[in-house]
Amino acid sequence: MHVLILGGTGEARRLAELLTAEAPDLTVTSSLAGRVAAPRLPPGEVRIGGFGGAEGLADWLAAHHVDALIDATHPFAGTISFNAAEAAATAHVPLLALRRSGWVAGDGDAWHETGSLEEAAELLPALGRRVFLTTGRMGLAAFADLADLWFLVRSVDAPEPPMPARTEVLLDRGPFTLDGERELLRRHRIDVVVTKDSGGAATAPKLTAAREAGVPVVVVRRPPVPPGVPEATSPGQAARWLSGALDLRIFIGTD
């Protein structure tokens, strides 16, 4: 049997590790988009690059005799998720979306939720002047016209224009520590943070550091999973779903 994991996240990598260890007779292929120059490769077979839309993905599923498809892409990788839903329906392959739980505001958080990066950019002038922008290297054009603000942009790979004129780029990859995030906010005199609700623990310390410092956070809400697609919030849950979908015996430890 063959399962295709649309990956690029820590959850996708951990699921591939679990499946290759506990279901050795299962062929596990992880597909990475190729947007990161040096990705952390999961075990099993790996392919890098796009499929050519929903039709191309459906053709790949059929040609490679895929028995189940797991969409474990980033919560904001909306296009591939809808392509996966269309391709799975076309190829008659069961589909699961693996999405880590989103963040929840706590006491003392000063969050401003928006539906897009463009809405986030509109809010910024009223909230601060020194912005810690942690939305990745894609989408910086939404902030390019904010010439009066200073931006610290953190991403794994170097961003490309268009981007704000007053920008300092910090190349780094999580997980990040709370002490490190505290020092970053202090050293750069950050007075507002912008982030996507990607969820998970790897990048959450910035939220705690912002709360402690009384710094407001603009949080871009994640897009919804395509209608009718079941969801799991951990690799263990995804493996249990896969075990039922393919009638496999997979030992599942704690999530």
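Please read these numbers as outputs of a predicted model, since none were measured by experiment.
- Within the model, atoms CD1 of Ile190 and CD of Glu181 stand 10.5 Å from one another, a figure rounded to the nearest 0.5 Å.
- Nearest heavy atom pair, residue Pro75 against residue Ser198, reads CG-O, 3.7 Å.
- Residues Asp191 and Arg130 are not paired through a salt bridge, judged by the lack of any N-O separation under 4.0 Å between the basic side chain and the carboxylate.
- Residue pairs meeting the side-chain hydrogen bond (donor to acceptor under 3.5 Å, both in side chains) criterion with at least one partner in residues 76-85, sequence neighbours excluded, are Asp71-Ser81, Ser81-Arg99.
- Both Leu57 and Val229 are members of a single hydrophobic cluster when ILVMFWY side chains are connected at heavy-atom separations under 4.5 Å.
- Arg222 places a side-chain N or O within donor-acceptor distance of the main-chain N or O of Asp197, the cut-off being under 3.5 Å.
- Of the listed residues (Thr135, Thr134, Thr203), just one forms a side chain to side chain donor-acceptor pair (under 3.5 Å) with Thr195, and that residue is Thr134.
- Between the side chain of Arg47 and the backbone N or O of Gly50, at least one donor-acceptor pair lies under 3.5 Å.
- Other residues, nucleotides and ligands contribute only 12 or fewer heavy atoms inside 6.0 Å of the CD atom of Glu55.
- A donor-acceptor pair under 3.5 Å links the side-chain atoms of Trp103 to the main chain of Gly200, judged by distance alone.
- A salt bridge is absent between Glu17 and Arg14: the closest approach of a Lys/Arg side-chain nitrogen to an acidic carboxylate oxygen does not fall below 4.0 angstrom.
- Looking only at distances, no side-chain donor or acceptor of Arg137 sits under 3.5 Å from a matching main-chain atom of Val156.
- Atom CG of Leu15 sits about 9.0 Å away from atom OG1 of Thr9, to the nearest 0.5 Å.
- Annotation for Asp148: atom CG does not count as buried by contact number, only 12 or fewer foreign heavy atoms lying within 6.0 Å.
- Expressed to the nearest 0.5 Å, how far OG of Ser116 lies from CD of Glu122 amounts to 7.5 Å.
- Taking every heavy atom of both residues into account, Ala147 and Arg166 meet most closely at O-CD, 3.4 Å.
- If you chain together ILVMFWY residues whose side-chain heavy atoms come under 4.5 Å of each other, Leu124 ends up grouped with Phe76, Leu117, Leu123, Leu127, Val131, Leu133, Leu140, Phe143, Leu146, Leu149, Phe151, Val153, Met163, Val192, Val194, Val218, Val220.
- Follow the hydrophobic side-chain contacts under 4.5 Å out from Val225 and you reach Leu69 in the same cluster.
- Residues Trp241 and Leu4 fall into different hydrophobic clusters, defined by Ile, Leu, Val, Met, Phe, Trp and Tyr side chains chained together at heavy-atom separations under 4.5 Å.
- Among pairs with a residue in residues 47-69, those fulfilling ring pair (Phe, Tyr, Trp, His ring centres under 6.0 Å) read Phe51-Trp60, Trp60-His64, at least two apart in sequence or across chains.
- Here Met138 contributes atom CE and Asp157 contributes atom CG; the two are 11.0 Å apart, rounded to the nearest 0.5 Å.
- For the residue pair Pro224 and Phe82, the shortest heavy atom distance occurs at O-CE1, 4.1 Å.
- No donor-acceptor pair closer than 3.5 Å links the side chain of Asp67 to the backbone N or O of Val3.
- The side-chain hydrogen bond (donor to acceptor under 3.5 Å, both in side chains) search around Glu212 returns Arg182, not counting sequence neighbours.
- Under the 4.5 Å side-chain heavy-atom criterion for grouping Ile, Leu, Val, Met, Phe, Trp and Tyr, Met1 is connected to Val28 within one hydrophobic cluster.
- Taking each heavy atom of Pro226 and Ala85 in turn, the nearest pair found is CB-CB, 3.9 Å.
- The two residues Arg211 and Asp107 make their nearest non-hydrogen contact at CD-O, 3.1 Å.
- Atom NZ of Lys206 is separated from atom CG of Leu184 by 11.0 Å, given to the nearest 0.5 angstrom.
- Only one option out of Leu19, Leu96, Leu18 pairs with Leu242 in a side-chain contact (heavy atoms from CB on, under 4.5 Å); it is Leu19.
- Note on Leu185: it does not cluster hydrophobically with Phe176, by side-chain heavy-atom contacts below 4.5 Å among ILVMFWY residues.
- Residues His188 and Leu170 form no side-chain contact, since every pair of their non-hydrogen atoms from C-beta on lies 4.5 Å or further apart.
- Remark: side-chain polar atoms of Thr90 are paired, donor with acceptor, to backbone N or O of Glu86 under 3.5 angstrom.
- Not a single side-chain hydrogen bond (donor to acceptor under 3.5 Å, both in side chains) links Thr114 to another residue, sequence neighbours left out.
- Around atom CZ of Arg189, no more than 12 heavy atoms belonging to other residues, nucleotides or ligands sit under 6.0 Å away.
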Open item on the list: Show, in sequence, the C-alpha distance, side-chain angles and deciding distance for Leu98 and Ile5, and conclude whether the side chain to side chain contact (heavy atoms under 4.5 Å, CB included) test is met.
Closed with: CA-CA 10 Å; Leu98 172 55; Ile5 301 174; over 6 Å; no
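- By the side chain to side chain contact (heavy atoms under 4.5 Å, CB included) test, Thr177 pairs with Asp179, sequence neighbours left out.
- Minimum interatomic distance between Ala58 and Ala87 (heavy atoms only, all atoms of both residues): N-CB, 3.6 Å.
- A distance of 9.5 Å separates CZ of Arg13 from CG of Leu41, quoted to the nearest 0.5 Å.
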